[in-house]
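In what follows, residues are counted from 1 in the order of the sequence shown.
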Amino acid sequence: MFKKIILATAAAVTLAALSGCATGAAATGSSASAEQAVAAAAEKLRVAMIDPTPAALTALVADDLSYGHSGGRVDTKDSFIGDLIAGKSDFVTIAITDQTIKVVGNTAIVRHTLTADTNDSGKPGKVQIKILGVWQQQGGQWKLLARQAVRVAA
């Protein structure tokens, strides 16, 4: 039941982000170049999550970020960045696989599998989660607007 709620939430976030995009402003440049720009932003976020700085994370995350974790917690921009900076959420390594990117107007849907070694609050661990990310072009830059994580069954 919890998984259905998470998936329904992810679908609602995606639909909300895409509403109006089909008739909104077209993405600048070709679809391939927009996908490359989103992929570059997603890679910068991966690196910034391993070696976090407020400046790097602020440049990549939208002010109204909504990040639903696999355990049910929802982060805002401030709590997401704060937890990374404080080491409460500490990624030692992050590998991204199976990434797909779909750009519609100024919004992009990014899906991938995230596999990581963690050291959250000093406690070593491993995580493998499926990620649905919604990126939006804001002020000429791609920023993470929403993210939903679902833990992969062991």
Side-chain angles (χ1 to χ4, degrees), residues 1-19 21-22 24 26-53 56-62 64-77 79-81 83-84 87-120 123-138 141-154:
M1 180 65 164
F2 181 71
K3 186 175 180 181
K4 287 182 182 179
I5 292 169
I6 294 294
L7 293 174
T9 302
V13 167
T14 302
L15 290 174
L18 289 175
S19 66
C21 287
T28 57
S30 71
S31 176
S33 66
E35 287 176 10
Q36 290 172 348
V38 172
E43 174 60 12
K44 287 179 185 177
L45 180 62
R46 184 192 71 81
V47 170
M49 289 173 66
I50 295 169
D51 188 17
T53 65
L57 291 164
T58 298
L60 294 164
V61 177
D64 48 355
L65 173 71
S66 175
Y67 186 150
H69 291 270
S70 60
R73 189 178 84 247
V74 177
D75 268 330
T76 64
K77 178 180 183 176
S79 62
F80 173 66
I81 292 173
D83 286 354
L84 286 167
K88 184 176 178 184
S89 185
D90 184 4
F91 291 93
V92 178
T93 65
I94 298 175
I96 302 296
T97 57
D98 305 321
Q99 182 163 280
T100 62
I101 298 171
K102 174 67 176 168
V103 177
V104 179
N106 68 344
T107 304
I109 304 300
V110 179
R111 293 180 183 271
H112 59 247
T113 301
L114 180 151
T115 304
D117 293 313
T118 60
N119 195 30
D120 297 349
K123 181 180 176 187
K126 293 185 179 293
V127 66
Q128 185 175 39
I129 51 179
K130 299 286 187 177
I131 300 287
L132 168 80
V134 179
W135 291 76
Q136 186 178 61
Q137 201 168 39
Q138 297 180 357
Q141 292 187 286
W142 287 98
K143 294 201 172 207
L144 182 64
L145 179 64
R147 194 168 190 178
Q148 184 64 53
V150 177
R151 190 166 304 272
V152 176

Does a side-chain heavy-atom distance below 4.5 Å link [X] with [Y]?
X	Y	result
V104	K102	yes
V150	S70	no
H112	D98	no
Q136	D64	no
D83	Y67	no
F91	L84	yes
P52	I81	no

Might you point out which heavy atoms bring [X] and [Y] nearest each other, and give the distance in Å?
X	Y	result
D120	K88	CB-O, 3.2 Å
W142	A34	NE1-O, 4.2 Å
A48	L60	CB-CD1, 4.3 Å
Q138	A62	NE2-CB, 3.7 Å

Rounded to the nearest 0.5 Å, what separation is found between the [atom1] atom of [X] and the [atom2] atom of [Y]?
X	Y	atom1	atom2	result
K130	L114	NZ	CG	11.0 Å
I129	H69	CD1	NE2	8.5 Å
N106	W135	CG	CH2	14.0 Å
K77	K143	NZ	NZ	5.0 Å
L57	L144	CG	CG	10.5 Å
L65	T76	CG	OG1	7.0 Å

- Query: Ignoring hydrogens and geometry, is there a side-chain-to-backbone donor-acceptor pair from T118 to G125 under 3.5 Å?
  - Reply: yes

- Taking D117 for the side chain and K126 for the main chain, is one N or O donor matched with an acceptor at less than 3.5 Å? no

- So does K44 have more than 12 non-hydrogen atoms from other groups sitting under 6.0 Å from NZ? no

